[in-house]
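All remarks here apply to the structure that follows.
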Amino acid sequence: MNELELKLLKSLAHQYPNIASASTEIINLQSILNLPKGTEHFLTDIHGEYEQFNHVLKNGSGAVRRKIDEVFENSLSNRDIKSLATLIYYPREKLDIVMQEEDNIEDWFKITLHRLVQITKRVASKYTRSKVRKALPGDFAYIIEELITEKAEVSDKEGYYNEIIHTIIRIGRAPDFIVALSNLIQRLVIDHLHIVGDIFDRGPGPHIIMDTLMQYHSVDIQWGNHDIVWMGAACGHLPCIATVLRTAARYGNLDTLEEGYGINLVPLATFALETYKDVDCGAFTIRYNTNYNTKDLDLDMKIHKAIAIIQFKLEGQVIRSHPEFEMDDRLLLDKIDYERKTVHINGQDYEMCDVDFPTVDPASPYRLSPDEEQVMERIRQAFLKCEKLQKHVRFLYSNGSLYKVHDSNLLYHGCVPMDEEGNFKYVNVDGKRYCGRALYDVLDNCARKGYYAKNDPVGMKRAQDMIWYIWTGPNSPVFGKDKMSTFERYFLKEKETHREVKNSYYALNDSEEIVNKILTEFGLDVKKSHIVNGHVPVELKKGQTPIKCDGKLLIIDGGFSRAYQDKTGIAGYTLVANSHGMRLVAHEPFESAESAILNESDIFSDSSIVETASERILVADTDAGRELCDSIKQLENLLQAYRDGIIVEKQ
């Protein structure tokens, strides 16, 4: 045993000071290895749709309903099963209705509590008692543990349990106990949550989703392009801030910034009202939802145009500062002929539907006007000082990354940039060229440096520019297109100018050879690994499939965002992986939480089995299991050191 190994064992001995304690932990860890692996839940491209997100989280993409069916399919009617499921999803809201309508509430409490205890027993059965104990709500921890744990010393268990439930009802604690059990079932049905990108933009509630994720028991996030641009905005990067503002204005979601995050947009609104008072803003329509207050429409269109022009200017400044980005084709403000009302793109002149830009100086089109500079600096300070936004973004950094390798699964939002031959494409980052996994790693590092490297202002600024590139660059892994044709979509009628060409990855990912190449690049076994991918909606209407290469590649963006549902024909895919295999779930459009409660409707619609394990997958087969094996090995070394007298036991 060398000096370093001895030092590590002595450190471990502080926690396990004798043979008895080390032996107990070895037995505990070894037994955990033989439990079934926990259920993982994969979601992507949520885009602010918080009500649907919360519902899918509550029902575990059908996992809760399947547990109910397992316990009661031969003893309860479908109506009773639906009612029980709704109660578990929305316990407080459902209780309010039941307590108004039920004639004999005590009988209802008794029946319901017995049913919830049975389901809790089922969902807790795959975990150690210690893990279940940690998940128990404090107020009822002891009582729940008594009800769900077999007690051999109690000869009349039925009478014992019945008396506990009777007492809970008699002293008026049944409603709170039902809520506690329902939340515990939700907690135990899903062991870990993966968010494969794009929490932000389009929908009205990304801040609500982030609050929910921060309270979730176990979660990781793979950043999407829309997450990245918000992260850049939280850094104070002006082009990212302008992009966030423009997207919010376009989808009628400025309330997300003002009310959700408390960011003061009065300076921008005042500027837009004054500067664009008599300006045609017809090209800047608002794609609003049913909750949008149309009295704000005229002002929001002015804000929309004002911030779009500011965005084009700021982006131009970044592009001109970074020729290595190879994005000169996005420099269009200097290509406008104001007399002819045309713009020169790719060797051709196109007529523009709008050239009324009061703040653009044709001689220096990318310079902000003094008023624009003042407005953007005030908003930048508001973003930097927004405590809630900064808290959310720090959570994204601490719980997220551009990709994740987990239990033989490779998770990323967009693509691995490739050329037409399937070779990984190179990107110039700070004078060096990177591709494949190395590109992901260096961009991940840039994203972190852009937020945290406050002691290196120059390096931090360059890293923030790189965050903007990750959002929209032609070879960015999370964007995956040759350009973002925002300018053309606003100002040109010709549809061919709007076209954004996807990276070759999307044409090649039907090839098992290509998928295997990617898995190998990230150090995974091609025989048993999968890629879980988001970003590009699968258009089920057109016959597209989310399952490629016999399940090796799973594209689980099916239109969670309402903006995509007409295109996809469904309301999103989610993926559930448990000890029996993997199941892909397609969801119906979600009306509202209120409808789900009143009508006892669920959005779990259809599922297909991606893969069935030949033998049940155990904790020993997971990454966590391999870590436990390493811990067991260290403890066994400690045990031997105690027995050999190398380390002295302490009582």
Side-chain angles (χ1 to χ4, degrees), residues 48 200-202 204-207 229-230 232-289 291-318 333 338 353-362 364-390 468 486-487 490-491:
F200 289 88
D201 289 336
R202 295 193 172 90
H207 55 295
V229 75
W230 276 74
C235 295
H237 192 249
L238 289 178
C240 291
I241 290 173
T243 302
V244 164
L245 290 169
R246 181 190 61 79
T247 305
R250 185 182 189 187
Y251 288 93
N253 286 328
L254 289 171
D255 284 351
T256 298
L257 289 160
E258 292 184 296
E259 297 175 13
Y261 284 109
I263 291 174
N264 182 13
L265 298 182
V266 171
L268 177 60
T270 303
F271 167 77
L273 274 172
E274 293 174 354
T275 308
Y276 289 82
K277 180 179 179 181
D278 300 315
V279 173
D280 178 15
C281 297
F284 293 83
T285 54
I286 308 298
R287 298 183 183 180
Y288 56 85
N289 58 37
N291 297 322
Y292 179 78
N293 191 339
T294 53
K295 74 178 180 60
D296 299 326
L297 190 60
D298 184 63
L299 172 59
D300 284 354
M301 288 175 68
K302 287 179 168 56
I303 291 174
H304 189 185
K305 184 169 185 176
I307 195 63
I309 298 303
I310 290 172
Q311 178 187 324
F312 296 141
K313 290 182 176 184
L314 291 169
E315 288 180 337
Q317 292 175 17
V318 174
L333 289 180
Y338 287 90
C353 58
D354 180 6
V355 291
D356 195 355
F357 308 149
T359 68
V360 176
D361 176 5
S364 186
Y366 300 105
R367 188 179 67 225
L368 296 184
S369 71
D371 286 343
E372 287 173 330
E373 283 185 349
Q374 186 179 40
V375 165
M376 290 308 296
E377 180 54 30
R378 290 181 67 180
I379 291 177
R380 189 177 82 89
Q381 290 302 319
F383 270 75
L384 287 171
K385 294 174 182 177
C386 176
E387 184 178 345
K388 186 170 186 175
L389 176 62
Q390 295 299 328
W468 177 82
T486 310
F487 182 97
Y490 281 126
F491 301 123

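Both backbone and side-chain heavy atoms feed into the values below; hydrogens, waters and symmetry mates do not. Only a predicted model underlies this, so the values are computations on that prediction, with no experimental measurement involved.
Atom SG of Cys281 sits about 10.0 Å away from atom CG of Leu299, to the nearest 0.5 Å. We find the CG-CG distance between Leu245 and Leu254 to be 7.5 Å, quoted to the nearest 0.5 Å. One finds the CG atom of Asn253 at 8.0 Å from the CG atom of Asp255 (value rounded to the nearest 0.5 Å).
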**Study point:** side chain to side chain contact (heavy atoms under 4.5 Å, CB included) assessment of Ile310 paired with Arg246
**Key:** CA-CA 9 Å; Ile310 290 172; Arg246 181 190 61 79; over 6 Å; no
Practice item. Could you please spell out the steps behind the salt bridge (charged side-chain N to carboxylate O under 4.0 Å, His left out) verdict for Asp280 and Lys305? Key: CA-CA 9 Å; Asp280 178 15; Lys305 184 169 185 176; over 6 Å; no
Exercise for review: Evaluate side chain to side chain contact (heavy atoms under 4.5 Å, CB included) for Phe487 paired with Leu333, printing each intermediate quantity in order.
Suggested key: CA-CA 9 Å; Phe487 182 97; Leu333 289 180; 4.1 Å; yes
Practice item. Take Arg250 and Thr285 through the test side chain to side chain contact (heavy atoms under 4.5 Å, CB included) and record every step on the way to the result. Key: CA-CA 7 Å; Arg250 185 182 189 187; Thr285 54; over 6 Å; no
Practice item. Kindly indicate, with the supporting measurements, whether the criterion side chain to side chain contact (heavy atoms under 4.5 Å, CB included) is fulfilled by His237 and Ile241. Key: CA-CA 6 Å; His237 192 249; Ile241 290 173; 5.9 Å; no
Review point. What's the verdict on ring-ring contact (aromatic ring centres under 6.0 Å, His included) for Phe312 and Phe357, showing C-alpha distance, side-chain angles and the deciding distance?
Key: CA-CA 12 Å; Phe312 296 141; Phe357 308 149; 8.3 Å; no
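Without hydrogens or angle criteria, Glu372 side chain to Ser369 main chain gives a donor-acceptor distance under 3.5 Å. Distance alone, capped at 3.5 Å, is enough to place a donor-acceptor pair between the Gln390 side chain and the Ala234 backbone.
Put simply, the side chain of Thr359 does not reach to within 4.5 Å of the side chain of Asp371, judged on heavy atoms. Within the 4.5 Å cutoff, no side-chain heavy atoms of Leu389 are placed close to those of His207. Looking at heavy atoms from C-beta onward, Pro358 lies in side-chain contact with Asp356 at the 4.5 angstrom threshold. Counting only heavy atoms from C-beta outward, the side chains of Phe491 and Val355 never approach each other to under 4.5 Å.
Closest of all the heavy-atom pairs between Trp230 and Asp201 is NE1-OD1, 2.8 Å. Nearest heavy atom pair, residue Pro204 against residue Thr256, reads O-OG1, 3.0 Å. When every heavy atom of Ile286 is checked against every heavy atom of Ala249, the shortest pair comes out as CD1-O, 3.2 Å.
Under the 3.5 Å distance criterion, with hydrogens and angles disregarded, no donor-acceptor pair is assigned to the side chains of Tyr251 and His304.
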Can you list, pair by pair, the side-chain donor-acceptor contacts under 3.5 Å of residues 374-386, counting residues two or more places apart and other chains?
unit_1	atom_1	unit_2	atom_2	d
Glu377	OE1	Arg380	NE	3.1
Glu377	OE2	Arg380	NH2	3.4
Glu377	OE2	Gln381	NE2	2.9

Which donor-acceptor pairs under 3.5 Å do side chains of residues 261-279 form with protein atoms, sequence neighbours excluded?
unit_1	atom_1	unit_2	atom_2	d
Tyr261	OH	His392	ND1	2.8
Asn264	OD1	Val266	N	2.9
Thr270	OG1	Val266	O	2.8
Thr275	OG1	Phe271	O	2.9

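For Arg367, the salt bridge (Lys or Arg N to Asp or Glu O under 4.0 Å) partners are Asp361, not counting sequence neighbours.
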